Amino acid sequence: MARYLITRIPNMAPSLLTLGLLALILSYNQHNVAAANTHHVLTSRQSNNTTLSPFFTSISDYVDSITDELSSINTEIHSNPELGYEEVKAHDLLSSFMEEQDGWTVTRSVGNISTAFMAVFEGSGEGPVVGFNAEYDALPELGHACGHNLIATASLGGALAAAEVMRTENLAGKIILFGTPAEESLGGKVKMLEAGVFKDANISVSLISHPTSSGDSPYMITTSTDRVDVEYYGKEAHAAAGPWEGINAQDGLLLANSALSYMRQQMRPSDRVHGFISSAGSRINVISAKASGSYQIRANDEAQLTNLTERVENCFKAGALATGAELNFTIRPYGYANHVTNDLLAASYATYFKEQGGELQPAEIDKLKDPSGSTDQGNLSHEWPSISPYFQITNEDGSVPATGPHTALFEVAAGSRPAFEKSIVVAKSLAGVAVDVLTVDGLLEQIQEEFEKSRMPELRRRRRV
């Protein structure tokens, strides 16, 4: 009889909350009302009859004044790619720079994570706490093919500009720049979340951005994802003289892989299961006693991922049942939740991005695009209001890279001057959002009200086990 050993590595992420897609909750008219309310609040405090913050000129001028420093940091990170939890140079570069800035308090290696940091600027008293997240890890063999150097630059510039407005206008609250390592599959933000870094900082909102080869958008719509490792254990036997004496672990894994292929016909268009076989025997005339592989499972949201993961697990159980092999099915810790964008934060971002010449689709259309990719910022978006706008980057000649993130062509574009200049536009836009949260009467309460209304019950798969 087949034996199953189904294990789960303790999930180190804290309780996460499930959200339905906002596009299914907010109708076209409801979104317009929310956006209109935001612009009304913004307009009501203006003295120049614009819908912009009266502080945006100061934001823009300040970011322009530190462009050389930001460019140097951006180039240094891009030129020295480091893998997750190994970002020693980037950690030191950013931490040292922030330690030189007036009024900032820097803590290195927060959450007992050697390459994470936190830089805090305190205002004149109690008030909103705006968190900016900087990423700086790279990909194996591809360097900064996801453009994390640009993410770090945009968050760094945005945090510094927002803090400068706090200083000059004597505003209450805090600006915090978090150095968040290991976004690429290792769940740096999830590990920081589990360590209580963000909760202890008492953040009100969480801001970040991400480069892309597609269009600009305040809405990052991603999938929930888990990764699993599978191992089959059988029994060796001579493949010609006595194959009936063996239990073929390789066949168990191949059967499961085939079952996954058949299952895809009944999967939702947004569901994804992909992976590789890492080992399946070493001698041609011996029945394989061990076979292993790793797979990633993606779905629109946490509830859908739970269902899909159960179906995937059954495929692997089928391989064990058919061959008599023992199965070890292990879900890795630090799975990623789908990212949920806060509409009011997105509306604020859109105001400042478009003021600088950016073009965006109407929100009610933009929000209907299919989810793509996964990020650990999604986990934070289930705990606090969040945005992670996409911004399109180009090569030196102004052309859009022919391929998207995680490709060699995108890595080249991520190091271009036009890409850096686009990150400066994003930095100013994020700073505008932060200052709105700090200064617009009632805006944070509206943001939190929207966030609370969209929260859904936690799922068991995200709890400690």
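Just so it is clear, the model here is predicted, and its values are computed rather than measured.
In this structure, a donor-acceptor pair under 3.5 Å is absent between the side chains of E86 and T115. A donor atom on one side chain and an acceptor atom on the other are found under 3.5 Å apart for H406 and E184. No side-chain donor-acceptor contact under 3.5 Å links N338 and D301. Side-chain N/O atoms of E231 and S292 include no donor and acceptor closer than 3.5 Å. Side-chain contact, S270 with R298: no donor N or O sits under 3.5 Å from an acceptor N or O. Side chains of R272 and T223: no donor on one and acceptor on the other come within 3.5 Å. No hydrogens or angles considered: nothing links the side chains of S114 and S109 as a donor-acceptor pair under 3.5 Å. Q356 and S429 share a side-chain donor-acceptor pair at under 3.5 Å. In this structure, a donor-acceptor pair under 3.5 Å is absent between the side chains of Q377 and H210.
Checked for salt-bridge contact, D343 and K367 meet the test: a charged N lies under 4.0 Å from a carboxylate O. Taking a cutoff of 4.0 Å between a charged side-chain nitrogen and a carboxylate oxygen, E450 and K453 do not qualify as a salt bridge. Salt bridge D229/R332: present, at least one basic N to carboxylate O contact under 4.0 Å.
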Just do the side-chain hydrogen bond (donor to acceptor under 3.5 Å, both in side chains) check on T309 and N307 with the steps written out, would you?
CA-CA 6 Å; T309 299; N307 174 267; over 6 Å; no
Salt bridge (Lys or Arg N to Asp or Glu O under 4.0 Å) for D271 and R264? Distances and angles first, verdict last.
CA-CA 8 Å; D271 290 345; R264 287 188 177 94; over 6 Å; no
For R283 and E236: C-alpha separation, side-chain torsions, deciding distance, then whether salt bridge (Lys or Arg N to Asp or Glu O under 4.0 Å) applies.
CA-CA 10 Å; R283 290 164 290 174; E236 286 189 348; 2.5 Å; yes
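Not counting sequence neighbours, the partners of D92 by the salt bridge (charged side-chain N to carboxylate O under 4.0 Å, His left out) test are R108. For the salt bridge (charged side-chain N to carboxylate O under 4.0 Å, His left out) test, residues two or more places apart in sequence or in another chain that qualify with D366 are K369.
A cation-pi arrangement is absent between K189 and F198, since the terminal nitrogen or guanidinium carbon is not both under 6.0 Å from the aromatic centre and inside a 45° cone about the axis.
Heavy-atom minimum distance, S213 versus G404: OG-CA, 3.3 Å. Nearest approach of F410 to A145, heavy atoms of both residues: CD2-O, 3.0 Å.
Annotation: the span from R268 atom CZ to L308 atom CG amounts to 8.5 Å, rounded to 0.5 Å.
F391 and F353 have their aromatic ring centers separated by at least 6.0 angstrom.
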